[in-house]
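Please read all numbers here as calculations on a predicted model, not as lab measurements. All ligand and atom numbering here is 1-based and tracks the order in the structure. Atoms considered below: every heavy atom in the structure, side chains included; atoms not considered: hydrogens, waters and symmetry mates.
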Amino acid sequence: MATQDELKRQAAQKAVEYVNENEYLGIGTGSTVYFFIEALAQSKKQIKGAVSTSALTSETLKKFGIPEVTLNEVNGLPLYIDGADEINHLLQMIKGGGGALLNEKIVASAAEKFICIADESKYTSRLGHVSLPVEVTPNARSLVARRLLKLGGEPELRLGFTSDHGNQILDVANLNFDEPIKMEDAINKIPGVVENGLFTHHPADLLVLGCSDGIKVLTARV
Ligand code: 5RP
């Protein structure tokens with residue numbers, strides 16, 4: 001049976017087919033994304049440049065000789081490719097396991113198309129089996145944590161972690177995601193919250209899922 005990493009790699013390799021040469025490409029963060037960058041380099045497809053979402057992804061791009069550009073340098077982004085911690089049938093996601101949720105949401109929102117790459121363990125009928133990462137300014141950490149408790153969550157500070165923007169992350173368990181759009185908005189309204197890892201306003205357009213019985217390419221099922 002294929003391991004989780006093998007399924008991630010298969011999804012990542014398949015996603016390279018969707019990349020057009022001579023275009024800019026937004027690239028997320030995480031182990032599935034690492035496999036994607038590796039596969040893109042091996043494919044020899046030449047892109048104009050990649051908009052990275054983290055220092056880690058920038059390092060990987062450099063390692064594989066893929067040129068990087070900033071979001072400010074590009075006028076629109078045809079495609080964004082990224083992993084997820086959880087994704088449902090509407091292709092709404094929980095992201096931020098790697099702590100890059102702020103840049104990921106910015107770059108995803110700039111792209112015309114978002115392709116999520118994941119292994120089958122990430123696909124769920126109901127979001128919320130994993131904690132929701134919430135990026136907060138350090139001075140507001142306790143205040144935000146108390147507000148998140150009032151929303152029904154159980155926040156826990158991600159120890160020893162500082163985001164690329166100098167912020168901290170609260171991983172919040174037990175939130176109710178019956179209405180995920182409302183929850184995304186409610187959390188982002190708390191002063192001190194920089195961003196949260198719910199991607200409901202910008203769900204993926206396509207999911208390339210590595211499964212033990214083959215690769216599946218899924219669109220949202222309403
Ligand atoms: C990083 C993310 C990642 O996409 C998510 O954590 C999935 O990671 P992996 O591909 O390693 O399973 O949101 O902030």
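Side-chain rings of Phe36 and Phe64 stay apart, their centers remaining 6.0 Å or farther from each other.
Under a 4.0 Å heavy-atom criterion, Ala84 is in contact with ligand 1. A heavy-atom separation below 4.0 Å is not found between Met93 and ligand 1.
Within the structure, the salt bridge (Lys or Arg N to Asp or Glu O under 4.0 Å) test picks out no pair touching residues 131-144 (sequence neighbours left out).
Within 6.0 Å of CD in Glu6 there are more than 12 heavy atoms belonging to other residues, nucleotides or ligands.
The shortest N/O to N/O separation between Leu101 and ligand 1 does not fall below 3.5 Å. Note: no N/O pair closer than 3.5 Å links Gly30 and ligand 1 by distance alone. Ligand 1 has a nitrogen or oxygen under 3.5 angstrom from a nitrogen or oxygen of Gly98.
Atom 1 (C) of ligand 1 has its closest protein heavy atom at Glu104 OE2, 3.1 Å. Nearest protein heavy-atom contact of atom 11 (O) of ligand 1 is Ser31 OG, 2.5 Å. Counting protein heavy atoms only, atom 6 (O) of ligand 1 is closest to Asp85 OD1, 2.6 Å. Regarding atom 12 (O) of ligand 1, its nearest protein heavy-atom neighbour is Lys122 NZ, 2.6 Å. Atom 3 (C) of ligand 1 has Thr29 O, 3.2 Å as its closest protein atom, hydrogens excluded (heavy atom only). Residue, atom and distance of the protein heavy atom nearest to atom 10 (O) of ligand 1 are Thr32 OG1, 2.5 Å.
Of all the atoms in ligand 1, the ones that sit under 4.0 Å from a non-hydrogen atom of Gly99 are 14 (O). Taking every heavy atom of Lys95 and a limit of under 4.0 angstrom, the matching atoms of ligand 1 come to 2 (C), 3 (C), 4 (O), 13 (O). Below 4.0 Å from some heavy atom of Asp82 lie the following atoms of ligand 1, by number and element: 4 (O). Short contacts between ligand 1 and Gly83, defined as distances under 4.0 Å to a heavy atom of the residue, involve ligand atoms 4 (O). Near Lys8, the atoms of ligand 1 lying under 4.0 angstrom from a non-hydrogen atom of the residue are 9 (P), 11 (O), 12 (O). Within ligand 1, the atoms closer than 4.0 Å to a non-hydrogen atom of Gly96 are 2 (C), 13 (O), 14 (O), numbered from 1 in the order shown.
A cation-pi arrangement is present between Lys95 and Phe199, with the terminal nitrogen or guanidinium carbon under 6.0 Å from the aromatic centre and inside a 45° cone about the axis.
Residues Gln4 and Ser121 have side chains that bring a donor and an acceptor to within less than 3.5 angstrom of each other. Between the side chains of Asn72 and Thr70, not a single donor N or O lies within less than 3.5 Å of an accepting N or O. Side-chain contact, Gln46 with Asn22: no donor N or O sits under 3.5 Å from an acceptor N or O.
Here the straight-line distance linking atom CD1 of Ile215 with atom CD1 of Ile117 works out to 11.0 Å at 0.5 Å rounding. Rounded to the nearest 0.5 angstrom, Arg126 CZ and His89 NE2 are separated by 11.0 Å.
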### Task
Verify salt bridge (Lys or Arg N to Asp or Glu O under 4.0 Å) between Arg9 and Asp119, making sure each step is shown before the conclusion.
CA-CA 9 Å; Arg9 193 188 287 276; Asp119 68 277; over 6 Å; no

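Hydrophobic clustering keeps Val208 apart from Leu7 (ILVMFWY residues linked when any side-chain heavy atoms are closer than 4.5 Å, directly or through intermediates).
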